[in-house]
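By convention in this document, chain letters (A, B, ...) are assigned in the order of the sequence lines, proteins followed by strands, and residues within each chain are numbered from 1. Note: hydrogens, waters and symmetry copies are ignored here, and every other heavy atom, side chains too, is used. Everything numeric in this text was worked out from a predicted model, so none of it was measured.
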There are 6 protein chains.
Amino acid sequence: MTPPPFLWMKNKDGKDNSKVHEWIQSITEVPVHSLNQADAVIIGIPLSRSSISASAASEFPDAFRKSWKGFTTYNIEEDVDLTSLSVIDLGDTEQHVTDIKRCHHAIVEAVKDIKYHYPNPLPISIGGDHSITAQVIRGLKETFPQQSIGIIQFDTHFDLRDPGVLGPANGTPIRLLINNGLIEGDNVYNIGLHGFFNTKDLKEYADLHHINYFTMQDVNKMGISTVVNKALDELSRKVDMIYVTCDMDVLDMAYAPGVPAATPGGMSTRELFEAITITGKHHSVGAVDIVCLDPQKDLAHMTVKAGTHVFLNFLTGLALRKNRRA
Amino acid sequence: MTPPPFLWMKNKDGKDNSKVHEWIQSITEVPVHSLNQADAVIIGIPLSRSSISASAASEFPDAFRKSWKGFTTYNIEEDVDLTSLSVIDLGDTEQHVTDIKRCHHAIVEAVKDIKYHYPNPLPISIGGDHSITAQVIRGLKETFPQQSIGIIQFDTHFDLRDPGVLGPANGTPIRLLINNGLIEGDNVYNIGLHGFFNTKDLKEYADLHHINYFTMQDVNKMGISTVVNKALDELSRKVDMIYVTCDMDVLDMAYAPGVPAATPGGMSTRELFEAITITGKHHSVGAVDIVCLDPQKDLAHMTVKAGTHVFLNFLTGLALRKNRRA
Amino acid sequence: MTPPPFLWMKNKDGKDNSKVHEWIQSITEVPVHSLNQADAVIIGIPLSRSSISASAASEFPDAFRKSWKGFTTYNIEEDVDLTSLSVIDLGDTEQHVTDIKRCHHAIVEAVKDIKYHYPNPLPISIGGDHSITAQVIRGLKETFPQQSIGIIQFDTHFDLRDPGVLGPANGTPIRLLINNGLIEGDNVYNIGLHGFFNTKDLKEYADLHHINYFTMQDVNKMGISTVVNKALDELSRKVDMIYVTCDMDVLDMAYAPGVPAATPGGMSTRELFEAITITGKHHSVGAVDIVCLDPQKDLAHMTVKAGTHVFLNFLTGLALRKNRRA
Amino acid sequence: MTPPPFLWMKNKDGKDNSKVHEWIQSITEVPVHSLNQADAVIIGIPLSRSSISASAASEFPDAFRKSWKGFTTYNIEEDVDLTSLSVIDLGDTEQHVTDIKRCHHAIVEAVKDIKYHYPNPLPISIGGDHSITAQVIRGLKETFPQQSIGIIQFDTHFDLRDPGVLGPANGTPIRLLINNGLIEGDNVYNIGLHGFFNTKDLKEYADLHHINYFTMQDVNKMGISTVVNKALDELSRKVDMIYVTCDMDVLDMAYAPGVPAATPGGMSTRELFEAITITGKHHSVGAVDIVCLDPQKDLAHMTVKAGTHVFLNFLTGLALRKNRRA
Amino acid sequence: MTPPPFLWMKNKDGKDNSKVHEWIQSITEVPVHSLNQADAVIIGIPLSRSSISASAASEFPDAFRKSWKGFTTYNIEEDVDLTSLSVIDLGDTEQHVTDIKRCHHAIVEAVKDIKYHYPNPLPISIGGDHSITAQVIRGLKETFPQQSIGIIQFDTHFDLRDPGVLGPANGTPIRLLINNGLIEGDNVYNIGLHGFFNTKDLKEYADLHHINYFTMQDVNKMGISTVVNKALDELSRKVDMIYVTCDMDVLDMAYAPGVPAATPGGMSTRELFEAITITGKHHSVGAVDIVCLDPQKDLAHMTVKAGTHVFLNFLTGLALRKNRRA
Amino acid sequence: MTPPPFLWMKNKDGKDNSKVHEWIQSITEVPVHSLNQADAVIIGIPLSRSSISASAASEFPDAFRKSWKGFTTYNIEEDVDLTSLSVIDLGDTEQHVTDIKRCHHAIVEAVKDIKYHYPNPLPISIGGDHSITAQVIRGLKETFPQQSIGIIQFDTHFDLRDPGVLGPANGTPIRLLINNGLIEGDNVYNIGLHGFFNTKDLKEYADLHHINYFTMQDVNKMGISTVVNKALDELSRKVDMIYVTCDMDVLDMAYAPGVPAATPGGMSTRELFEAITITGKHHSVGAVDIVCLDPQKDLAHMTVKAGTHVFLNFLTGLALRKNRRA
């Protein structure tokens with residue numbers, strides 16, 4: 001970009017890469033051929049008309065990017081500077097206004113297009129609602145059909161509702177993946193179930209399909225890091241690649257007022273941040289998404305900041321993983 | 001309903017029909033065969049996933065009904081008691097979670113089902129977003145193909161965007177109706193356009209199709225009642241039936257914070273209420289809808305109350321019309 | 001007050017009487033014997049547990065006083081400086097937590113105590129809810145039984161509900177006064193009725209008792225100043241003293257979100273301010289109250305500022321009246 | 001209820017008892033004679049004009065019922081489905097607008113009427129403010145004078161203020177019960193006191209009457225389950241029946257913005273939910289109330305959801321108790 | 001900008017110049033030498049630490065730009081498409097964090113730098129608070145010392161407070177300009193004064209310096225267009241160039257909750273928009289600013305949208321002026 | 001104060017010193033010569049125009065004092081009544097509107113003036129933003145140049161940004177003190193760092209200067225009391241006096257929405273309150289401040305209450321310290 005012509009202007013060239021928005025590069029700013037050298041790519045998926053309850057989670061990719069300038073690249077607790085990673089923002093997938101099937105198809109095609117040509121960088125999908133998870137995983141499976149995938153799911157819900165009734169909505173992604181044979185039920189690990197937010201039917205479906213889960217009582221008793229490490233260990237022995245999906249409704253609504261389905265009694269941000277860093281570190285984790293955060297319902301930007309923090313915690317883990325390899 | 005068994009309970013039998021919620025009857029409470037004697041029927045259409053911007057206008061039918069208990073049936077300015085009318089609430093149309101085409105089809109079928117069997121009562125459709133208008137009018141046309149329909153549209157926008165690009169979204173209903181030959185362009189009267197909320201292209205499309213419109217400057221100069229009477233007079237000479245569609249975004253956002261697309265510089269509630277009463281009085285007006293009001297964005301229930309007030313103003317006109325006939 | 005001992009402290013002695021809080025004196029700061037020389041006295045009445053709907057109008061006297069520092073004493077539109085008046089704040093009446101009858105009795109006693117000993121200053125009662133009006137007028141009547149009183153009431157409601165059912169609640173004061181023979185129905189002038197907020201029964205009661213009223217349509221047609229002048233003229237020929245009661249719910253809720261019973265379609269602040277100034281000017285007006293404003297529901301302090309503005313407009317009228325006499 | 005006549009209507013018959021609102025029955029829907037077979041009954045008590053600070057806790061019974069559809073009947077952490085219980089909603093007690101004594105009397109009569117004719121179901125009182133607790137317990141004592149009652153009180157406050165000064169307000173219920181000889185001081189166990197929200201006088205009164213209490217520091221040190229179990233064990237050895245009163249102000253205000261008297265430094269929802277489940281399980285617990293939650297002050301429905309969750313946690317305990325017995 | 005490499009990405013090339021953000025060009029996107037051909041330039045001045053009351057008006061330039069995508073370039077009421085104008089956004093002036101004098105100096109230098117090299121385009125300054133007006137005008141005067149400047153000021157306040165006490169704060173700009181001999185008092189026309197928001201001292205200062213003003217009562221009586229035309233006519237006969245300063249606190253706070261000093265009783269958006277369009281049309285108007293809008297206090301983005309609308313109304317006038325010339 | 005003249009007035013003499021506002025004395029109410037006998041003095045410092053991001057922390061001293069009536073003087077968890085202490089409120093330092101250097105100078109002079117004449121009472125500075133800490137400490141050092149001072153800093157940030165760039169802003173106080181030789185880097189103990197809110201550069205600066213810090217992970221692992229005790233023990237061996245600075249942004253934003261720079265993942269109020277009580281108890285602690293709390297951004301008064309609670313926890317420690325000495 002040309003330097004501004006006036007000396008009195010705010011000098012946007014003076015940036016020193018210490019803030020997240022100065023560090024992450026847009027695909028419009030880098031040569032495409034360099035994409036495969038990146039450690040991770042961001043794919044915005046602004047879709048939430050597929051949500052059961054009205055949601056503006058479609059606004060999260062924008063809010064997410066705008067919040068970057070409130071964060072540095074340096075995680076003081078882990079002494080990690082994320083600038084050791086190359087992360088490229090690919091922008092948003094085009095989504096149709098009234099044809100949800102077409103939206104979902106566009107997500108599958110986007111994931112395939114990226115992973116086929118640039119298999120190396122880890123894809124970070126920024127929803128949008130939880131319906132996108134089924135589409136991203138379909139895109140991964142269609143690109144690498146031989147690779148078995150398992151899921152670590154942070155969620156207050158199973159998301160096992162019946163797609164036969166709801167279609168591919170935000171309450172159905174895990175069941176859709178099982179129904180379609182893309183994921184085995186016993187390769188799903190749900191962390192964060194609690195309270196009165198799942199019907200008994202869904203729990204019975206989960207048991208029938210050998211889905212694994214840790215409730216918030218388990219988190220209380222065992223501690224979040226033990227729970228997450230246990231899930232990663234078990235799962236990594238069973239599958240080729242682990243997909244981490246973080247439904248922000250896993251958070252207690254005191255920490256996440258900006259999630260339409262948030263509930264009291266959920267996880268704290270300190271627990272979730274610790275959990276996500278651990279997943280980022282694990283060698284088998286190959287993709288992640290963050291979903292169901294509606295910036296229009298937020299208070300004091302609290303939830304958007306938490307969502308971006310989750311993203312940075314994941315990258316912290318990835319940086320530690322990379323450093324370890326180096 | 002059985003009387004409550006305990007004397008200390010709040011006595012719900014003591015209702016005296018002085019509040020709107022006590023007067024309007026639910027279809028589950030009246031014999032179906034009496035439906036054709038009603039003056040008007042309410043159809044809830046909880047659809048807003050067809051909105052261009054994220055909207056919870058789907059929540060308005062619920063919020064609308066809950067607000068009834070804040071209103072009496074008596075309009076003191078017109079000395080009209082609405083209990084002279086029989087109004088029946090038919091409940092909500094079932095809407096699918098992820099298939100918008102199916103949602104729209106359900107609206108058409110609902111309207112046909114009602115009007116075919118019970119042609120007498122005037123249908124009042126409570127949206128939902130503006131995409132429903134095209135479907136309700138389609139339902140009316142499919143029931144009475146010979147009847148020509150004209151539209152009085154209160155709106156900040158033309159709603160003439162291209163359905164070829166957006167599908168049947170909330171920005172396209174009028175163009176969809178013209179494209180489908182259901183409505184002639186010169187039988188559309190838009191009242192309330194202002195500011196910078198329509199592209200020049202759309203204005204040119206409007207002119208090409210001889211769509212009539214009065215801007216807020218016209219309202220300033222001529223007064224709202226003159227404008228509305230002029231539109232009704234002209235239109236009633238050209239068509240068999242007038243359909244009134246009230247997009248709540250016609251209101252200035254100081255009066256309507258709970259409309260996602262509301263703007264500064266719009267109509268005041270006093271102007272809109274006066275306008276709507278006039279339409280209700282006119283003998284040619286045969287259907288009305290109220291759309292694009294998102295209760296989740298509301299402040300102090302201001303917009304929901306305004307939406308319900310519009311409904312009651314329309315009924316005031318209808319009662320005056322009926323009294324005149326009697 | 002002793003000057004602060006430190007030079008670096010904010011100098012509160014430097015006040016120049018240009019702000020309202022610097023000008024109005026507290027009764028604790030002036031010799032009691034000077035009270036009868038005052039032009040007006042303020043009586044806070046922090047009672048709202050007598051409201052039909054839950055209300056924190058009891059918080060208005062505090063919020064009212066805190067808002068003073070946002071206003072100067074100078075009304076630029078009338079070129080009037082309120083410092084030509086002496087206004088003394090008598091503080092709040094003690095109100096009981098669970099015995100509403102006792103609260104009301106305390107109001108009557110307070111008014112009698114003040115007016116008996118200090119008949120000269122015009123009492124300005126700051127509610128609290130509308131139930132206080134009946135008690136203040138009872139206090140005035142018990143002090144001066146021979147004096148006939150008429151009421152100018154700015155209100156969206158008649159406030160004629162049945163005290164036999166509700167007790168002396170905020171919906172009943174005018175009927176209570178008529179029932180008790182303290183006020184004649186035809187000496188009540190209501191300005192601001194509109195919409196669907198009064199039952200037909202109450203209108204019939206009003207007509208039976210020859211209560212006079214101007215709706216918002218009358219205000220639209222005649223202009224607010226014509227309406228108010230007409231009411232003052234008629235009433236001043238019939239009674240010895242006019243009591244002005246300003247229920248803040250007369251305002252459109254876009255201007256007054258902080259009134260539990262506010263509605264769309266009401267008066268604008270510009271209309272109300274003009275109206276109140278006119279009442280303050282009139283020689284027969286001998287008392288005023290401002291009621292039903294709940295600061296906890298307010299947005300951006302909008303309604304509290306409007307309530308204080310009403311108070312200052314009334315004083316503007318009073319100053320003009322005094323200047324005229326002088 | 002008659003099935004809706006139109007196929008396109010939202011089918012309200014299709015309910016499957018998986019949501020709380022589908023499971024709990026209204027007294028208007030069941031034969032009265034079956035009432036004694038219920039496990040629990042709900043009594044709404046919409047009274048908060050007896051609150052020291054202005055409160056709309058009177059709106060909680062309504063908000064509570066509306067929130068049910070956000071909860072399933074299945075508690076995944078305890079693997080308990082509440083449909084194993086029969087719970088009947090008796091509606092709200094009639095409350096007078098301006099006579100608080102009459103409101104309280106109505107509560108006593110309601111409780112006596114229910115417990116005399118239907119002694120079996122456990123009564124769950126939904127406030128309203130804390131003044132109701134003294135009235136509900138009076139009703140229980142007047143029905144079963146021989147039965148000694150103890151109290152487990154979750155609260156940031158002692159609620160031991162002087163009814164001689166305040167009357168039967170929301171700050172006085174425990175003292176009123178002790179004064180009236182209905183409860184012994186040493187049969188009161190307060191859990192959750194903390195910070196600077198009780199005067200030393202009240203602590204001395206508590207000590208004089210041998211009231212037991214665990215502060216938040218005790219909860220920090222011992223863990224909430226230990227504290228609650230200890231209180232239940234001690235108390236159940238001393239009394240015939242334990243009454244649990246949950247003042248929602250025990251919660252930290254980050255979790256409960258919708259409680260007028262909420263404070264920082266309070267209990268978390270996770271702690272309270274765990275505590276309440278334990279009380280529900282205990283064989284001696286015979287009644288419960290939830291009080292002081294003002295839905296109008298709530299943010300993001302956070303507090304209302306927490307209040308309903310408390311109710312469901314209590315029923316979870318009750319279901320476990322019933323299963324154990326079976 | 002390079003086209004995005006992936007077909008599935010949101011196509012940002014497809015822009016059609018129909019939205020404001022697509023039409024206004026950034027200085028980083030155009031050759032500097034073309035700047036003098038522009039019709040207008042935007043200068044962001046993110047300074048509000050000079051405000052008397054705490055303000056985040058410094059955030060308005062950002063919020064202003066982000067709001068552009070909610071507006072088309074086409075004003076339907078005037079049938080004007082703004083794309084007939086070339087408008088270039090020069091970005092923000094660098095402002096120091098703790099040295100306000102340095103901030104002000106930077107503004108003067110920026111204005112001089114622009115106007116010296118590129119005298120043609122009309123500068124539109126986006127505040128920031130009202131202190132910037134004095135600096136922008138100083139910059140203009142230092143560039144063209146021979147040119148006499150007059151001011152049309154839309155404001156609830158005189159902004160004549162004493163810079164000797166406050167320094168160059170947001171309450172002092174007009175007095176500072178008069179004190180410094182940059183502006184004659186009788187070349188200032190204030191429109192919008194009302195209520196109790198100016199001390200008598202300031203009115204006397206205004207009279208002493210022959211400042212002209214129209215209160216809201218004048219606007220009520222004469223109509224806003226008459227007032228504005230009268231001011232423009234008088235002033236254009238006396239000065240070479242007219243500077244329009246729009247303090248958003250002129251708006252009634254129902255329309256402008258996001259202005260720290262907003263008041264009840266102010267101008268409506270419809271009046272202000274009409275006024276500003278008229279100023280834009282006038283041949284003598286050579287610069288404009290929009291100040292004192294704090295996006296962090298806004299509700300529903302109402303005030304930010306109004307601020308941007310003012311900007312577009314001014315440009316509408318400018319386009320009409322240009323067309324007339326053409 | 002003179003007793004109110006009317007019996008019906010709220011009796012403000014009846015105060016019993018059980019609430020904080022009744023106990024703390026204003027300097028205008030006590031003889032100045034008694035000041036040195038006080039245990040602590042409060043200095044309000046309403047300055048936040050020195051904040052990097054726009055902040056109304058300048059409003060905290062006012063909001064702080066208004067919140068006192070929501071707190072008793074009795075800490076039930078420590079069984080401490082604060083009335084054993086004498087605390088005097090000295091009011092606010094005068095702050096200039098546009099000259100920040102002058103504001104800072106006024107703070108230094110105020111502190112010197114107080115400590116020189118009245119060395120005994122512990123000064124409690126109520127900000128304002130974090131820039132004030134550097135000025136207060138300068139004042140202390142200029143009064144007692146021989147006394148070495150160390151800092152316990154509760155903060156999410158190092159506040160080590162470069163004053164050469166920002167001036168003496170709220171991001172720079174610790175660095176300014178080190179640069180000026182007033183504090184040694186290894187006499188700074190930061191508690192509460194976490195997440196991505198400090199650049200690596202600052203961490204390197206901290207290490208270079210041997211600044212000590214405990215992150216939130218350290219707090220998780222060791223417990224807050226261990227961390228604080230360790231910091232106090234180490235520091236008290238190295239310096240004569242410990243200054244405690246509490247930047248409220250150390251709190252998680254779920255607990256502190258009213259802090260412009262608050263973040264997710266921070267400290268809970270329960271942890272902070274415990275920490276502060278410990279510091280108050282320590283014999284070396286000689287001054288404290290509370291900064292960066294913006295009441296205008298607060299929700300439900302949550303953050304203001306937390307800020308006042310911190311103040312009372314500190315005094316609890318001080319009372320325990322005094323009792324121990326006695």
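Looking at A/Asp252, only its side chain comes within 4.5 Å of chain D, counting heavy atoms on both sides. For D/Glu271, no part lies under 4.5 angstrom from a heavy atom of chain A. Looking at D/Thr308, there are no atoms closer than 4.5 Å to chain A (heavy atoms on both sides), in backbone or side chain. For a residue to count as touching a neighbouring chain, one of its non-hydrogen atoms must lie under 4.5 Å from one of that chain's; by this rule D/Phe273 touches chain A with the side chain only. Proximity to chain A (any heavy atom under 4.5 Å) is restricted, for D/Leu82, to the side chain, taken from C-beta onward. Of the two parts of A/Phe158, only the side chain, counted from C-beta on, holds a non-hydrogen atom closer than 4.5 Å to a non-hydrogen atom of chain D. Residue contact with chain D, scored on non-hydrogen atoms closer than 4.5 Å, involves the backbone and the side chain of A/Leu193 alike. There is no contact between A/Lys297 and chain D, counting heavy-atom distances below 4.5 Å. Heavy atoms of D/Thr72 lying under 4.5 Å from chain A belong to its backbone as well as its side chain.
Within 6.0 Å of CD on A/Glu184 lie no more than 12 heavy atoms contributed by other residues, nucleotides or ligands.
For the pair A/Thr133 and A/Asp159, the minimum side-chain heavy-atom distance is 4.5 Å or more. Using a 4.5 Å heavy-atom threshold, the side chains of D/Ile24 and D/Ile42 count as touching. The closest side-chain heavy-atom distance from A/His157 to A/His130 is not below 4.5 Å. Inter-residue side-chain proximity for D/Phe60 and D/Met248 is flagged as unmet; no heavy-atom pair is nearer than 4.5 Å. Side-chain contact between A/Lys203 and A/Tyr213: present, with at least one pair of heavy atoms (C-beta onward) separated by less than 4.5 Å.
Between chain D and the options A/Ala261, A/Gly266, A/Pro257, A/Gly195, the largest number of non-hydrogen pairs under 4.5 Å is found for A/Gly195.
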Begin from the C-alpha positions of A/Phe196 and D/Tyr74 and carry the test ring-ring contact (aromatic ring centres under 6.0 Å, His included) through to its verdict. CA-CA 5 Å; A/Phe196 303 87; D/Tyr74 179 65; 8.8 Å; no
